[in-house]
2 protein chains.
Amino acid sequence: MAIKKKSHRLLQKEATRKILLQSAYSLFVEKGYEKTTMRALAENAGVGLGTIFKHFSDKPSILAAAFEEDLNAVLQNAFRTLPSLGITSQLIHISNHLYSFYAKNPIFSRALIKEVLFLEGDHGKVLHQQLQIFLETITNLIGNAVQNGELSPDTQTSDGATAYWSFYFTGLLLGLMEPSFNVSTQLALVERLIDKHFFEKGDSFRGC
Amino acid sequence: MAIKKKSHRLLQKEATRKILLQSAYSLFVEKGYEKTTMRALAENAGVGLGTIFKHFSDKPSILAAAFEEDLNAVLQNAFRTLPSLGITSQLIHISNHLYSFYAKNPIFSRALIKEVLFLEGDHGKVLHQQLQIFLETITNLIGNAVQNGELSPDTQTSDGATAYWSFYFTGLLLGLMEPSFNVSTQLALVERLIDKHFFEKGDSFRGC
DNA sequence: CATCTTGGGTGAACATGTTCACAGTATGGG
DNA sequence: CCCATACTGTGAACATGTTCACCCAAGATG
């Protein structure tokens, strides 16, 4: 029952933080990141300007916090519906879910990635860790594929995860550089790269 | 000599722009990007605050312009000393030159990449084009390797260039996420990924 | 040469992220 | 129950990127 042992103060603080995050989320989606001012956020949330900075160190941290939940939900959903077989379809499945999320609002996604890239402070640490966890998960997927015999036993699973992430992230960046993010185009690119990296091998003849 | 047919006004404008870029360069290197204020830049360059914005649309554009020259020099130097044989050593050679440049000042490099990522306006277009040119150059290198017989004839040269760039950029990002950029570590990663992608035959079980 | 037009140069004014000293209240100890 | 402490809440003040109306000399026009 230790969980419920929260003082009135802590409850109030959490409530304020929650209101701030909800207001920030809707304002960011409605107006975009840059056009959302801290004063507008304060007014919309019904708190004072200075209050915001008692909860978040700076504006990028609010962005990260407001969409951490969303991104986690997308990731969770992606892994919950993961195909049970085929490393390529698994990786494409994950890419598809993430791309679809980012494609919903390219302008906003650009701001999100830009601000979060080298985010410092606590939130930076958290995101860095989440990337590590994601990479480990991919590493495990690749490890399973190796055990299934789908991939060669001498595959470096960790490097494979890095390779996938580099394909995924490059596809994301290139897609976001266009005015509108074309999910299927970028997915096709990622699939070709994955296929080439893990399967197609140039010099040897195809035995079959 | 139509080139020298510049009016006094144009000459003066170019001179001012040059002074601004030089001042910006030294201030950025000395103080860092964010700590360099437009007012400090104006004072250091000996011009008025408003003058800056007659030459550059915003602060990120100054950053991009001030280091475009540097980056071009690094790239030119890299390609001038390019090994004549071996696609892997060529790509590593290029990566090495670029990483060494970024490693000189990681804090600054983080700002550079962050601000330039989705840069809009004229400078954004220019950088986008330069990336395209770079990718085409890499595509040609890979095409040569295919003609040499080093790579299989059915290699998709364009996708190969994209794959290399994704490895390169990922190595750059991961390196810049650490407090200090370790060039050899990141080079080793990129080399492993390149090797795996273009050469190592993975599929021992050839399940066809 | 006189006048007009253009465009670089300028700093005050503005918009906005961030800091800070202060206020009020919940918490904890006596 | 009462006081001391600490912590959230607050808006004024500050720092800085950007805009804008204005100035003025170089070039154009006659």
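Chain letters run A, B, ... following the sequence lines, proteins first, then strands; residues in each count from 1.
Counting non-hydrogen atoms under 4.0 angstrom, B:K54 reaches a base of the nucleic acid.
Between A:L131 and A:W165, some side-chain heavy-atom pair lies under the 4.5 Å cut-off. Between A:Y164 and A:F169, the closest side-chain pair of non-hydrogen atoms is not below 4.5 Å. No side-chain heavy atom of B:D122 sits under 4.5 Å from any side-chain heavy atom of B:V126.
Each of A:L49 and A:H55 was assigned the nucleotide of DNA chain D with the nearest heavy atom; the assignment lying further toward the 5' end belongs to A:H55.
You'll find the ring centres of A:F108 and A:Y33 outside the 6.0 Å limit.
Regarding contacts with the backbone of C:dT10, a side-chain N or O of B:T51 is found under 4.0 angstrom from either OP1 or OP2. Regarding contacts with the backbone of C:dG8, every side-chain N or O of B:T16 stays at 4.0 angstrom or more from both OP1 and OP2.
Between the side chains of B:D58 and B:S61, at least one donor N or O sits under 3.5 Å from an acceptor N or O. Counting only N and O atoms by type, the side chains of B:N182 and B:S184 include a donor and acceptor under 3.5 Å apart. If you check the side chains of A:S100 and A:N96, you find a donor sitting under 3.5 Å from an acceptor.
Under the 30°/60° scheme for interplanar angles, the aromatic rings of B:F67 and B:Y25 are found to lie parallel.
Within residues 35-47 of chain B, the residues that have a heavy atom under 4.0 Å from DNA chain C are, in order of number, B:R39, B:V47.
When DNA chain D is scanned 5' to 3' for any atom under 4.0 Å from a heavy atom of chain B, the first and last hits are D:dT16 to D:dG27.
A straight line from CG of B:L11 to P of C:dG8 spans 13 Å, rounded to a whole angstrom.
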